Amino acid sequence: MSKSITIVMPDDMHLHLRHSDMLDFVLRDTVKQFARAIIMPNLSVPIINTKLAVAYRDSILNSLGKIRGDLRCFEPLMTLYLTDTTTTDEILMAKESGVVFAVKLYPNSATTNSHAGVVDLFKNCSKVLDTLQRIKMPLLIHAEVSDHRVDIFDRESVYIDKVIIPLREKFPELKIVIEHVSTKEGVDYVYSSPEYTAATITPQHMLYNRNIIFSGGLRPHYYCLPILKSELHREYLVKAATSGDKRFFLGTDSAPHDVKSKENNCGCAGCYSSYNAISLYMKIFEDVGCISNLEKFASFHGADFYNLPRNKQTLTIYRNENIVPDKISFKNLNIVPLAYGETLQWSI
Ligand code: NCD
Ligand code: ZN
């Protein structure tokens with residue numbers, strides 16, 4: 001049994017860094033495991049233009065400056081938050097900036113801070129989509145309908161039928177990422193599509209099925225969006241991620257909320273996995289005997305899809321039994337990490 005494995009440094013292709021103290025906190029965990037991350041733009045003041053993206057990037061670099069020297073080589077890959085009024089000029093400016101790598105589509109009211117998200121994609125964003133296709137900038141999609149008549153467990157599959165399939169017909173070469181794919185239907189769509197489609201997969205959607213949210217009581221720390229699905233979907237996601245298929249890559253969707261906002265009569269959606277993301281993914285890959293495919297999923301497929309050079313640095317993961325803490329505190333923040341209380345076999 002190997003005691004350690006060394007892989008090319010991974011990238012997290014879906015990360016919520018937040019701002020202020022939370023930013024300092026999340027960044028410390030992130031840089032230990034990831035060389036780069038796609039930074040989600042859903043702040044309370046959403047990152048809807050290049051100017052805001054550059055300012056947000058500066059605050060991330062500033063926070064990075066506070067971290068110990070050897071942990072500082074990290075590159076934030078910024079994204080723009082698409083709205084009904086985003087212009088093609090804004091997209092071109094983003095591309096020109098050299099620091100924006102993708103545009104994020106939140107259907108209006110689908111998730112945390114999506115109040116400014118898109119109401120009518122085809123009516124209001126066709127020109128922008130055309131530009132994205134032309135300049136080969138990926139569109140990252142939170143693929144869930146926000147129609148409250150649609151059952152929460154069906155929102156991804158309905159979105160694929162109603163939005164992704166027509167989108168693909170209109171824009172055959174648009175690069176799209178189905179973020180945090182959570183269903184068999186989502187994975188099957190990726191399998192059936194051309195080279196311009198990919199998907200990120202989170203640790204929570206592969207570690208747990210929806211029963212965990214209700215196991216012995218209501219457990220808010222397993223509530224995220226897309227919501228966890230049934231066992232059939234979980235197994236299907238694990239198969240896709242661990243298969244070595246280049247269309248699937250690592251995106252934690254690590255989305256921290258202070259414990260007060262999670263343990264609340266209307267708790268926020270999001271799991272915090274930056275604390276131990278690589279150990280969690282290791283567990284998933286080891287359990288199905290596919291450790292040899294972890295590097296492709298974590299370090300190659302994402303970079304290749306985004307046309308970025310693969311990282312040069314490496315990361316060594318050690319066999320080392322450890323218990324995930326119930327809570328991590330930083331300044332006034334208290335965060336419950338994913339897999340709290342569980343014993344993991346690997347650490348970095
Ligand atoms: C994310 C957040 O809190 O920003 N929450 C989540 O449950 N994943 C938003 C998102 O990615 O949907
Ligand atoms: Zn997210």
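Quick caveat, the model's predicted, so the values are computed rather than measured. Numbering of ligands and ligand atoms starts at 1, following listing order.
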Of Tyr236, Phe297, Tyr191, the one forming a ring pair (Phe, Tyr, Trp, His ring centres under 6.0 Å) with Phe248 is Tyr191
Measuring only between side-chain heavy atoms, which start at C-beta, is Ile176 closer than 4.5 Å to Tyr196?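 Contact flag for Ile176/Tyr196 side chains = no.
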Carboxylate-amine/guanidinium contact Asp24 Lys66, below 4.0 Å: yes
Between Lys283 and Asp287, is the closest basic N to carboxylate O distance under 4.0 Å? yes
For the residue pair [Y] / [X], report whether a side-chain donor-acceptor contact shorter than 3.5 Å exists.
X: Lys104; Y: Thr79; result: no
X: His142; Y: Glu144; result: yes
X: Ser347; Y: Asn320; result: yes

Does His180 bring an N, O or S atom to within less than 2.8 Å of the Zn ion (ligand 2)? no
With respect to the Zn ion (ligand 2), please indicate if Glu179 possesses an N, O or S atom at a distance under 2.8 Å.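 Of the N, O and S atoms in Glu179, none lies under 2.8 Å from the Zn ion (ligand 2), which means no.
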At less than 4.0 angstrom from any non-hydrogen atom of Cys224, what atoms of ligand 1 do you find? 7 (O)
Only heavy atoms of His142, strictly under 4.0 Å: list the atoms of ligand 1 that pass.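 Within the 4.0 Å cut-off of His142, ligand 1 contributes 12 (O).
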Within 45° cone of Phe305 ring axis and under 6.0 Å: Lys175 NZ or CZ: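 Verdict for Phe305: a cation-pi partner in Lys175.
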Both conditions, 6.0 Å and 45 degrees, for the charged tip of Lys170 above the ring of Phe122: are they met here?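 That pair qualifies as a cation-pi contact.
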For ligand 1, is there an N or O atom under 3.5 Å from any N or O atom of [X]?
X: Ala255; result: no
X: Thr112; result: yes
X: Leu225; result: yes
X: Arg18; result: yes
X: Asp253; result: yes

Could you tell me whether His257 approaches ligand 1 through its side chain, its backbone, both or neither, with non-hydrogen atoms closer than 4.0 Å? side chain
For ligand 1, note which part of Asn42 has a heavy atom under 4.0 Å away: side chain, backbone, both or neither. side chain
Nearest-contact summary for atom 5 (N) of ligand 1 - protein heavy atom, Å: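 Here the closest protein heavy atom is Ala269 O, 3.1 Å.
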Considering non-hydrogen atoms of the protein only, which is the closest contact for atom 10 (C) of ligand 1, and what is the distance? Thr111 OG1, 3.4 Å
On a heavy-atom basis, which atom in Thr252 and which in Ser273 lie closest, and how many Å separate them? CB-OG, 3.5 Å
State if His14 counts as touching ligand 1 under the rule of any non-hydrogen atom under 4.0 Å. yes
The atom name of the N, O or S atom in Asp253 nearest to the Zn ion (ligand 2) is OD1
The Zn ion (ligand 2) - name of the N/O/S atom of His16 that sits closest to it: NE2
